Amino acid sequence: MAEATAARLITTVQEAQAARGSASVVLTGGRNGNGLLAALAAAPAREAIDWSRLDLWWGDERFLPAGDPDRNHTQAAAALLDAVPLEPGRVHVMPASDGPYGTDAEAAAEAYAAELAAAGGPFDVLLLGVGPDGHVASLFPGLPGVRERDRTVVAVREAPKPPPTRLSLTLPAIATARQVWLLAAGADKATAAARTLTATDPAETPAAGARGTARTLLLVDQAAAVELPPAAAAG
């Protein structure tokens, strides 16, 4: 799945750059997100991307000190970013807990929201890993962030996965992307993948509320596909 998605992403970024001069992609962390970045790093076709004309954002981040090995940015740098010629000013890292806002996660969220607003246009591709509980980014079932309708970035407290404090895009921010790609690989993601297609309440299954303006893809491997509705599995 990671290799196929990497190939699809290379093509999509090329097309966006050809059409608009630049492209913007929102990265995701976790097992599936980092696997995709590693596959992209290993793909010879990655040279087809003009990395200097690519903006990178994050869907969520663990609110930890800069360089902490558990931060999504740290893991992304090791998997891919340090190996490609990105323009530093176009790599939009979510604030760290030892940054200019200190441990004030709410202020950090507001700052990232302001950076998003200043950038303007929609994301070309927004990547999201689907958790076994159906969470995407750091929008977890039952927590206030998944119900947010006005803000584009929120501070998340008491997350059920460590660390408990995080920053996350909201569903309204996700909904501005041209394409949303939901990644689910592994048997532990099978139920969540199926609920991504069938659930009706995003507060219970946040992945069900993550949709793009032009296209939404659920990208799965065989293990995660076993519970999909027959029509979806056939497609």
Side-chain angles (χ1 to χ4, degrees), residues 1-2 5 25-37 57-64 70-76 94 105-106 108-109 112-113 116 123 125-177 179-212 216-221 223-228 232:
M1 186 201 77
T5 304
V25 174
V26 180
L27 301 181
T28 185
R31 184 180 75 214
N32 292 167
N34 289 326
L36 166 60
L37 294 183
W57 301 84
W58 269 262
D60 73 322
E61 185 57 276
R62 289 86 181 265
F63 197 53
L64 296 168
D70 286 335
R71 274 178 62 87
N72 289 335
H73 173 250
T74 306
Q75 296 172 8
M94 284 185 165
E106 283 71 21
Y112 204 66
L116 281 174
F123 310 119
V125 179
L126 190 147
L127 301 165
L128 293 169
V130 179
D133 60 355
H135 84 266
V136 289
S138 283
L139 302 176
F140 293 94
L143 293 189
V146 76
R147 299 183 184 276
E148 178 63 45
R149 293 294 177 265
D150 298 319
R151 291 176 291 176
T152 57
V153 187
V154 292
V156 176
R157 306 278 186 179
E158 300 182 2
K161 295 177 59 178
T165 304
R166 297 156 174 252
L167 305 177
S168 182
L169 299 189
T170 61
L171 289 177
I174 291 168
T176 66
Q179 297 192 41
V180 170
W181 298 4
L182 297 137
L183 313 178
D188 61 326
K189 305 292 184 72
T191 298
R195 289 193 57 77
T196 296
L197 298 180
T198 62
T200 58
D201 185 0
E204 295 182 359
T205 307
R211 298 292 183 265
T216 304
L217 296 177
L218 175 62
L219 300 164
V220 298
D221 65 357
V226 296
E227 297 183 31
L228 294 182

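What you see is a predicted model; the values in this text were computed from it and never measured. For reference, positions follow the sequence shown, starting with 1. Computed from heavy atoms alone, side chains included, the values below leave out hydrogens, waters and symmetry copies.
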Set of salt bridge (charged side-chain N to carboxylate O under 4.0 Å, His left out) partners for Arg71, sequence neighbours left out: Glu61
If we ignore hydrogens and angles and just use 3.5 Å, is the side chain of Asn32 paired with the main-chain N or O of Gly129 as donor and acceptor? no
Calculate, to the nearest 0.5 Å, the distance between atoms OG1 and CD1 belonging to Thr152 and Ile174 respectively. 11.0 Å
Pairwise side-chain contact, Leu228 with Leu197, heavy-atom cut-off 4.5 Å (strictly under): yes
In short, Ala76 meets Leu37 closest at the heavy-atom pair CB-CD1, 3.6 Å
Working to the nearest 0.5 Å, report the span between CG of Asn72 and OG of Ser138. 7.5 Å
Can you tell me how far the CZ atom of Phe123 sits from the CD atom of Gln179, to the nearest 0.5 Å? 14.0 Å
Would you say that Leu126 contacts Leu169 through its side chain, given a criterion of any heavy-atom pair below 4.5 Å between the two side chains? yes
Tell me whether Thr170 contacts the main-chain N or O of Arg151 through its side chain, where contact means a donor paired with an acceptor under 3.5 Å. yes
Does any N or O in the side chain of Glu158 come within less than 3.5 Å of the main-chain N or O of Pro160, such that one atom is a donor and the other an acceptor? no
Nearest non-hydrogen partners of Pro132 and Ala192, listed with the distance: O-CB, 3.6 Å
Find out whether His135 and Pro141 are in side-chain contact, i.e. whether some heavy atom of one side chain is under 4.5 Å from a heavy atom of the other. yes
Please report the closest heavy-atom contact between Ala223 and Ala187, naming both atoms and the distance. CB-N, 3.6 Å
When rounded to the nearest 0.5 angstrom, what distance separates CG in Leu219 from CG in Leu36? 9.0 Å
I need the minimum non-hydrogen distance between Leu167 and Ala105, along with the two atoms involved. CD2-O, 3.4 Å
Minimum side-chain heavy-atom gap Met1-Leu183 below 4.5 Å: yes
For a quick test of reading the model, state the closest non-hydrogen atom pair linking Val146 to Ala203 and the distance between them. CG1-CA, 3.8 Å
Are any side-chain N or O atoms of Asn34 and backbone N or O atoms of Gly29, one a donor and one an acceptor, separated by less than 3.5 Å? no
Report the residues that fulfil salt bridge (charged side-chain N to carboxylate O under 4.0 Å, His left out) with Asp188, sequence neighbours left out, ordered by chain and then residue number. Arg31
Exercise: identify the closest heavy-atom pair between Leu182 and Arg211: CD1-NH1, 4.0 Å
Taking the six-membered ring for Trp, are Trp58 and Tyr112 closer than 6.0 Å centroid to centroid? no
Using a 3.5 Å distance criterion without hydrogens, assess whether the side chain of Thr176 forms a donor-acceptor pair with backbone atoms of Ala173. yes
For the CZ atom of Arg147 and the CG atom of Leu139, what is their distance to the nearest 0.5 Å? 12.0 Å
Main-chain N/O of Asp70 paired with Arg62 side-chain donor or acceptor, under 3.5 Å: yes
Euclidean distance, Thr191 OG1 relative to Asp133 CG, rounded to 0.5 Å: 11.5 Å
Which of these passes side chain to side chain contact (heavy atoms under 4.5 Å, CB included) with Leu128: Asp60, Val180, Val26? Val180
